[in-house]
Number of protein chains: 2
Amino acid sequence: MLRKTIIAVLALAGLSAVAVPLSAQVRPDVLVQQRQAAMVLKGKYFYGHLRPMAQGKIPYEAALVARDIAFLDALARMPWDGFAPATKGVKSGATPAVFTEAGKFKEAQESYLAEVAKLSALANKGDEPALRAQILTVNKSCAGCHDAFRERR
Amino acid sequence: MLRKTIIAVLALAGLSAVAVPLSAQVRPDVLVQQRQAAMVLKGKYFYGHLRPMAQGKIPYEAALVARDIAFLDALARMPWDGFAPATKGVKSGATPAVFTEAGKFKEAQESYLAEVAKLSALANKGDEPALRAQILTVNKSCAGCHDAFRERR
């Protein structure tokens, strides 16, 4: 019961880290494949519609923005348990800082999740300027993490 | 709640297919990478917790089941625009039937999405036996599509 309560609290806090005990049973290369899959799909929905719509590069479509924010809200919680210490030796774009500065990496995740949560809260309020602005704030938050924790490419 | 309702309405209206015009601008190999990413993550959440919990192979945790059903509900709508005709020549696990029997493939997707929608509708009702049964029905629905449209491996 306590564990369920903790899971519920973590879930409310937007933390998908509750899967850690189970992810400990998953092969490290599979964990890397799964976290990379979450990043690929965040790219699909964030760079595919949300950012170019916020930037005015493609026409703004409210229904598509709402759908993609809902997708992003789920995807944003998926990669983090895939950065388990066991994956340290698996070739990927993660910098060594992911493991040597785990506290800062965690802070960067939480900051990103907080910005995505703000975006989700705006999703169906019909305030297009606020949505556009928050999409660009989320974009900066992605970059904030990539700068230190993803190899340049 | 409102957000969930709106998402459900959009899903019923088939609006998850609206990305097709944009996907036409994405490179075929990227479309394949994105659809494979959605399958990888469906595997993470469906085979990681939902199915083994439904089968009684690992302890049933209601909060985790609810979270993973929400993730699955989003992921289940992500792969399909990635099976664009332009991807026909890209090496993948898709069988030729994906393109030669597009109507049947579409039917299989819709049948799967209908079963996932039933699962989502059950997610927060606390009826564990019904949830377990529907998880196993979704599992059959995955297989129904894989049999004809994914190469054996």
Side-chain angles (χ1 to χ4, degrees), chain A residues 1 3-12 14-16 18-19 21-23 25-26 30-45 47-49 52-53 58-59 61-64 66-79 81-82 120-125, chain B residues 1-11 13-23 25-26 30-45 47-50 52-53 58-79 81-82:
Chain A
M1 186 58 217
R3 179 142 180 257
K4 279 192 185 170
T5 307
I6 290 169
I7 289 169
V9 169
L10 287 173
L12 282 173
L15 296 179
S16 62
V18 289
L22 280 165
S23 70
Q25 303 162 17
V26 178
V30 174
L31 288 174
V32 170
Q33 183 193 35
Q34 291 171 337
R35 77 189 191 208
Q36 289 177 337
M39 296 298 183
V40 163
L41 289 171
K42 287 200 282 182
K44 175 180 179 184
Y45 292 102
Y47 302 124
H49 307 141
M53 283 186 189
I58 58 174
E61 290 184 40
L64 204 50
R67 187 203 69 171
D68 287 3
I69 289 174
F71 283 175
L72 185 69
D73 189 78
L75 292 167
R77 289 179 279 148
M78 296 184 188
D81 60 352
S120 295
L122 284 168
N124 294 297
K125 289 188 178 158
Chain B
M1 188 59 218
L2 176 63
R3 206 178 116 222
K4 282 200 180 159
T5 308
I6 290 169
I7 291 168
V9 169
L10 287 175
L15 272 181
S16 64
V18 289
V20 170
L22 280 165
S23 71
Q25 303 162 17
V26 179
V30 174
L31 288 174
V32 170
Q33 183 194 34
Q34 291 171 338
R35 78 188 191 209
Q36 288 176 338
M39 297 298 184
V40 163
L41 289 171
K42 288 200 282 182
K44 175 180 180 185
Y45 293 102
Y47 301 122
H49 307 142
L50 293 174
M53 284 187 188
I58 59 175
Y60 189 92
E61 292 186 38
L64 206 49
V65 167
R67 187 202 70 169
D68 287 4
I69 289 174
F71 284 176
L72 185 69
D73 189 78
L75 292 167
R77 289 179 278 146
M78 295 183 189
D81 59 354

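Note that the structure is predicted; figures quoted are calculated from it, not measured. So you know, we letter chains A, B, ... as the sequences are listed, proteins then strands, and number each from 1.
Between chain A and the options A66(B), A37(B), G43(B), heavy-atom pairs under 4.5 Å are most frequent for A37(B). With respect to chain B, the highest number of heavy-atom pairs below 4.5 Å among M39(A), Q34(A), Q36(A) belongs to Q34(A).
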Requested in this report: Take K44(A) and D81(B), measure what side-chain contact (heavy atoms from CB on, under 4.5 Å) needs, and give me the verdict at the end.
Outcome: CA-CA 11 Å; K44(A) 175 180 179 184; D81(B) 59 354; 2.7 Å; yes
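Note that CZ of F71(A) is 4.5 Å distant from CZ of R77(B), once rounded to the nearest 0.5 Å. Rounding to the nearest 0.5 Å gives a distance of 9.0 Å between CG of L41(A) and CD of Q33(B).
A74(B) approaches A74(A) most closely through the heavy-atom pair CB-CB, 4.1 Å.
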